[in-house]
Participant: 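Please find one structure pasted underneath; my questions will follow.
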Amino acid sequence: MPLAASPAPPVPSHQLLVFLLQVSLLLGLAVLLGRGAARIGMPALVGELLVGLLLGPSLLGHIAPELSGWLLPRSADQMHMLDAFGQIGVLLLVGITGSRLDLGMVRRRGRTAAQISVTGLAVPLALGIGTGYLVPAALLPAHADRTVFALFLGVAMCVSAIPVIAKTLTDMNLLHRNIGQLTLAAGIVDDIAGWLMLSIVSALAVSHLDGGRLGLSLLYLVAVVAFAALPGRPLVRWVMSRAASAGPGGTAAVATVLMLGGAAATQAMGLEAIFGAFVAGIVIGACGAVGPVALAPLRTVVLGVLAPVFFATAGLRVDLTALARPQVLATGTAVLAVAVLGKFAGAYLGARLGRLSRWEALALGAGMNARGVIEVVVATAGLSLGVLSGEMFTVVVLVAVVTSLMAPPILRLAMGRVEHTAEERLREIDLLGPGTGERVG
């Protein structure tokens, strides 16, 4: 008779201690710097993103390497615990944001959103590929294929970061605005296309592009959207209506299950987990069984605790001291300029084709320009595949950090000149309740 399998050992005591200290320190600093950013008229996201840069190798790792090595050890197991905690936060953040998407407005402005998505992808992709052929050979990995590198840089330049966009719009009370809704709709399309292109370039990097696998990914994408639009909506309505009888706690718990379940489903299909969480959130918001008040407890925990820790961890793997080398700094400045110009020009062109005003187009460009942690994930993939050198990894991460920090002030400037319509005020009351938040423009 075979012996029963031994239970998995618990987390080692020291590893648990370090994890608890990491979370408490990251959250404490994120709240502190987030409030500091709010005091100078910036979203809390700005302060939260700076936390990782302060505690990571860019600062603490240089001035106090022993303390940094103890608090933030390079052990994969230790970092994976922190990553898992942050991933829960970002998936729920994206899901909650999806629940506040106005599908009626998106349908009415669908053509405009599509134009913004197409031009917002095509222009930075083309400019990024062209820039990839001009990067000095000394900054490429040994034996790197220049064409694959150029394609990878093009993909890195065209992605947007839905988590950063969602947090920025939430911090600035812009989710109810038409521009906020259009930015989310166009951003999720850009993200899906970006991840599909990343899978193609990654396959090229290891010399086996599988057309069948790519076709299967597209089939899965269509299947997810079809399921959400047809049987998904009444099924979620039935589940959420019964959860509502258990009070706000039950509603928040079931919504969490649906969002994380949707994320797990798309992750299993080879699609991005964020996509599944976003779709689940859209279905929850559109099913008509729950209002924003029922999801308020979940929203409070996510925005107040989980999301700040996620954004604070974004810079822990980033070492910006590599920019001290003149060649790296010059290349980084050029790539950053191309990234910003490409995304702004693409989104602005699509918005103007959709008959939006100049200020609305500028606001869309600012929102779509935020690369955030998605860019860090793309850069990490390039580094592990041997497509990016350590210097180019730093350059791509520089794009992620700077574009995320520059989005809020430009959004504030542009939205201050865009009329606040009656439709938007009604949507604000419907999503948040009257008198919630501080208006921006």
Side-chain angles (χ1 to χ4, degrees), residues 45 86-107 109-110 113-114 116-117 120-121 159-170 174-176 180-196 198 217-218 220-230 232-233 235-236 239-240 252 254-287 290 292 295 298-299 302-303 306-307 310-311 367-368 370-375 377-378 431:
L45 170 73
Q87 283 299 316
I88 297 295
V90 75
L91 291 173
L92 292 178
L93 170 65
V94 171
I96 290 173
T97 304
S99 72
R100 299 167 68 187
L101 188 67
D102 185 347
L103 289 180
M105 192 281 297
V106 172
R107 290 191 192 100
R109 309 289 289 272
I116 296 167
S117 298
L121 275 170
V159 298
S160 295
I162 281 294
V164 174
I165 293 171
K167 187 65 163 58
T168 301
L169 294 175
T170 299
L174 293 175
L175 270 179
H176 69 285
Q181 298 281 311
L182 281 172
T183 302
L184 283 176
I188 194 64
V189 173
D190 275 16
D191 268 10
I192 294 168
W195 287 112
L196 289 174
L198 179 62
S217 295
L218 293 173
Y220 281 147
L221 178 63
V222 173
V224 169
V225 175
F227 180 83
L230 299 174
R233 189 167 175 176
L235 179 61
V236 169
V239 171
M240 295 303 297
V254 173
T256 300
V257 170
L258 292 174
M259 292 172 189
L260 295 183
T266 52
Q267 181 75 19
M269 295 174 188
L271 303 173
E272 179 61 21
I274 286 174
F275 175 56
F278 189 73
V279 171
I282 291 175
V283 176
I284 290 171
C287 74
V290 294
L295 294 177
L298 177 61
R299 184 171 179 270
V302 172
L303 294 178
L306 298 178
F310 171 77
F311 289 111
M368 299 286 287
R371 293 348 194 270
V373 288
I374 301 301
E375 187 90 316
V377 172
V378 172
L431 293 177

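Every value quoted in this text rests on a predicted model; they were computed, and no experiment measured them.
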Participant: Where is the tightest heavy-atom contact between Gly89 and Leu306, given as atom of each residue plus distance?
Facilitator: CA-CB, 3.5 Å

Participant: Looking at NE2 of His176 and OG1 of Thr170, how far apart are the two atoms once the value is rounded to the nearest 0.5 Å?
Facilitator: 12.0 Å

Participant: Just how far is it from atom CZ of Phe310 to atom NZ of Lys167, taken to the nearest 0.5 Å?
Facilitator: 11.5 Å

Participant: Ala273: what forms a side-chain contact (heavy atoms from CB on, under 4.5 Å) with it, not counting sequence neighbours?
Facilitator: Leu91, Ala263, Gln267

Participant: Name the atoms and distances for all side-chain donor-acceptor pairs under 3.5 Å in residues 277-287, with sequence neighbours left out.
Facilitator:
none

Participant: Quick test of your reading: applying salt bridge (charged side-chain N to carboxylate O under 4.0 Å, His left out), list the pairs with at least one residue in residues 180-190, sequence neighbours left out, ordered by first then second residue.
Facilitator: Asp190-Lys343

Participant: Looking at CG of Leu303 and CG of Leu298, how far apart are the two atoms once the value is rounded to the nearest 0.5 Å?
Facilitator: 9.0 Å

Participant: Would you name the heavy atoms of Ser117 and Ala186 that are closest together and state the gap between them?
Facilitator: OG-CA, 3.2 Å

Participant: For Thr97, which residues count as a side-chain contact (heavy atoms from CB on, under 4.5 Å) partner, sequence neighbours excluded?
Facilitator: Leu93, Ala166, Leu175, Leu184

Participant: For Met259 and Thr256, run side chain to side chain contact (heavy atoms under 4.5 Å, CB included): C-alpha distance rounded to whole Å, both residues' side-chain angles, the deciding distance at 0.1 Å, then the answer.
Facilitator: CA-CA 5 Å; Met259 292 172 189; Thr256 300; 5.8 Å; no

Participant: Would you sort out whether Val164 and Phe311 count as a side chain to side chain contact (heavy atoms under 4.5 Å, CB included), showing the intermediate values?
Facilitator: CA-CA 8 Å; Val164 174; Phe311 289 111; 3.8 Å; yes

Participant: Distance from Thr266 atom OG1 to Ile274 atom CD1, nearest 0.5 Å?
Facilitator: 9.5 Å

Participant: Between atom CD1 of Ile165 and atom OG of Ser160, what is the distance when rounded to the nearest 0.5 Å?
Facilitator: 4.5 Å

Participant: If you compare all heavy atoms of Leu295 against all heavy atoms of Ala255, which two are closest, and at what distance to 0.1 Å?
Facilitator: CD2-CB, 3.7 Å

Participant: At what distance, to the nearest 0.5 angstrom, does CG of Leu92 lie from CG of Leu260?
Facilitator: 5.0 Å

